[in-house]
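Below: the structure, in structure tokens.
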Amino acid sequence: MHTVQVRLRRDAGLSEPGETPGAVTLATPFGPAALRGLPPGTVAALRALAGGASEDELARTVIEHDGDGGLLRWHLLLRKLSAGALLERAVLVPSGGEVVPSSGKVVPSGGEPVAVLRPYGGGPLRPAAPLAADARVRLSRFAVAAPEDGRLVVRAPRNPLGVELAPAAAPLLGLLADWTTPAGLACPGLAAGTTAAVLGLFADAGLLVRPTPEGEDPERGAAPLAQWSPADLWLHTRTREPRATGRYGGTYPLRGVQDPLPVAPPAFAGPRIVLEPPDLDAIAKTEASLTDVLEARRSIREHDAADPITLDRLGELLYRTLRQRRTFTGEDGQELADRPYPSGGAVHELEVYPLVVSCEGLEPGLWHYAAGEHVLERVADPGPATRTLLDRARSAAMMTEDPQVLLIVTARFGRVMWKYETIAYSLILKHVGVLYQTFYLVATAMGLAVCGLGGGDAAEFAAASGLDPNAEGSVGELLLGSRRGGAAGPPPGWSPEVPA
């Protein structure tokens, strides 16, 4: 038969100040927890808990020192530790193996647990309701399994717990792909009681789905969960629900692993064009007010083919939206920057690559804007990859002709991921959003046509640029060109009643 072992979570520890009897300090991911005035049996049980023991063994330890009267206090403490996400629970079989009644075969276990319920985030936690033998269950369609430290770990997006599976229990994932019942579930190599115990861990970790009282699937019917894809729900919950992740925000996960990336990327080897900085003081005296620009802002998908955008106008737009005004070193040693738009932690990981079709004074092809020098660098000539990028952009915008310029926004991921954990990619997307708005407002004020796109092709950009997509990849695109009429202010046909 199996046993259930309880132990402190693996990233927690226990220490005892020698000068204070009955005092124990728990080092946890959420900070130290000092316990004082504990009876000897509770202290001895906590020592055993640090290495792992069954609840019966822990209870016997308490009774041995404190008698039956110490059990209530111990059980209350154990419940608090469990609710605070400080415990792991493992289902183990005897070290010699487990006899499967249906076959009489002894399955070697090697002393390894079959499954471990382990916390990743924090509490408070509440155990799931016990599973009835005839309860209909299946694996959540949002569950994700991935290897971790040599074991398969299964997690659900909104739960701070995960289940670590040994190979003997891994077949459960396939068996739970469709509706079944605990009584009808037979996992090869596991006794029925052991399988039921592992299912209990699955339930606690939020991995199982049960029908609603009306018999509907809560993840696929008309319920709110039906609108979510697994990838979207994972991104949302990991970046917006810190208790489910454990490590969140500016944790510096790569400090000591690699140096932070410099604020400017390496220069491209192609020709360089030094751009003329615009006179911002002169512009400020004649340009429309922020309110007028905001009210006039809209997406414009038509460009004036007879009078294309010029290099000077493109350079002015890039200068006013993206230039690097200064650099400085943060307290963490990372080189930081100041640009016209905000960036979390001042990391400014975004780069812009104008893919030019028609721009007076600039040859067609893929260029990179070096924000620190106000320079355009030649990246690639027109080719199959740039053609695909333009075709996708034109299709997304429902244009009949190519855009004059496709502004491709990329992220140097390591700039953000060196410091931020869990929220890194969502932070990049926030930066893309504020850069979009900055482009929209400046382009509108300049009388240019601009239109942000909702998606692009990162693989084709990698092919066109020669960049490693895991190091720097495209995360946004905008169409840019000259506007018919050419003047700043409300575009033709605009009125307050027309959605912007």
Side-chain angles (χ1 to χ4, degrees), residues 229 231-232 234-236 238-239 253-254 257-270 318 321-322 324 334-335 337 339 341 343-345 347-356 365-372 376-397 403 405-436 438-439 452-480:
S229 73
D232 286 343
W234 268 99
L235 178 62
H236 175 67
R238 278 182 59 81
T239 57
L254 296 181
V257 178
Q258 64 186 46
D259 292 333
L261 295 178
V263 71
F268 285 90
L318 294 172
T321 56
L322 201 69
Q324 199 164 276
Q334 188 175 21
E335 190 179 9
R339 290 181 178 179
Y341 67 92
S343 177
V347 295
H348 281 293
E349 77 288 355
L350 299 183
E351 301 289 326
V352 169
Y353 291 75
L355 176 51
V356 175
L366 184 64
W367 297 80
H368 170 250
Y369 177 62
L376 283 175
E377 303 172 328
R378 183 74 166 181
V379 177
D381 295 334
T386 59
R387 181 66 262 164
T388 300
L389 291 170
L390 290 169
D391 288 344
R392 292 191 184 280
R394 186 177 66 186
S395 175
V405 179
L406 176 64
L407 297 175
I408 301 173
V409 182
T410 71
R412 298 167 63 218
F413 302 114
R415 288 281 297 166
V416 180
M417 293 175 178
W418 185 80
K419 176 178 180 179
Y420 293 102
E421 192 169 0
T422 304
I423 64 170
Y425 192 73
S426 71
L427 191 59
I428 289 170
L429 298 184
K430 292 178 175 70
H431 296 162
V432 174
V434 296
L435 180 58
Y436 267 37
T438 305
F439 270 129
L453 301 181
D457 194 323
E460 291 297 336
F461 174 78
S465 64
L467 296 171
D468 182 343
N470 294 314
E472 180 178 350
S474 62
V475 290
E477 292 82 13
L478 301 99
L479 308 176
L480 179 70

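Starting from 1, each residue takes its place in the sequence as its number.
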So with a 6.0 Å cut-off around CG of D259, is the heavy-atom count from everything else above 12? no
Practice task
Please answer whether the main-chain N or O of R415 pairs with a side-chain N or O of Q334 as donor and acceptor at a distance below 3.5 Å.
Solution key: yes
| message | So V352 and F439, do their side chains get closer than 4.5 Å, heavy atoms only? | response | yes
Parallel, tilted or perpendicular: ring planes of Y353 versus F268, cut at 30 and 60 degrees: perpendicular
To the nearest 0.5 Å, atom CH2 of W367 lies from atom CG of L318 at 12.5 Å
Please verify the inter-ring angle class for Y341 with H348; under 30° counts as parallel, over 60° as perpendicular, anything in between as tilted.
perpendicular
Of all heavy-atom pairs linking T239 and L235, the shortest is OG1-O, 2.6 Å
Between L480 and P403, is any pair of side-chain heavy atoms under 4.5 Å apart? no
Which of L389, T386, V475, D457 passes side chain to side chain contact (heavy atoms under 4.5 Å, CB included) with I408? Answer is L389
Here the pair of heavy atoms bringing A380 nearest to A464 is CB-O, 3.4 Å
Distance col, row L254:CG vs M417:CE, nearest 0.5 angstrom, shows 9.0 Å
Smallest heavy-atom separation, L322 atom then A371 atom, equals O-CB, 3.4 Å
Given the options L355, T410, V379, S465 meets side chain to side chain contact (heavy atoms under 4.5 Å, CB included) only with V379
Nearest heavy-atom approach of T388 to E460 is CG2-CG, 3.6 Å
Go through the steps for F461 and L467 under the test side chain to side chain contact (heavy atoms under 4.5 Å, CB included), then give the verdict.
CA-CA 8 Å; F461 174 78; L467 296 171; 4.0 Å; yes
CG (L261) and CZ (F413) are apart, to the nearest 0.5 Å, by 11.5 Å
In this structure, NE2 of H368 is separated from CD of E351 (nearest 0.5 Å) by 4.0 Å
Here the gap from L478 atom CG to L453 atom CG, rounded to the nearest 0.5 Å, amounts to 6.5 Å
**Q.** N/O donor-acceptor pair under 3.5 Å between Y436 side chain and E477 backbone
**A.** yes
Could you list the donor-acceptor pairs under 3.5 angstrom formed by side chains in residues 426-435, with sequence neighbours left out?
{"residue": "S426", "atom": "OG", "partner": "I423", "partner atom": "O", "Å": "3.0"}
{"residue": "H431", "atom": "ND1", "partner": "E349", "partner atom": "OE1", "Å": "3.1"}
{"residue": "H431", "atom": "ND1", "partner": "E349", "partner atom": "OE2", "Å": "2.8"}
{"residue": "H431", "atom": "NE2", "partner": "G344", "partner atom": "N", "Å": "2.7"}

Closest non-hydrogen atoms of G365 and R378, given as atom of the first, atom of the second and distance, are CA-NH1, 3.7 Å
Value for CH2 (W418) from CZ (R412), rounded to nearest 0.5 Å, stands at 14.0 Å
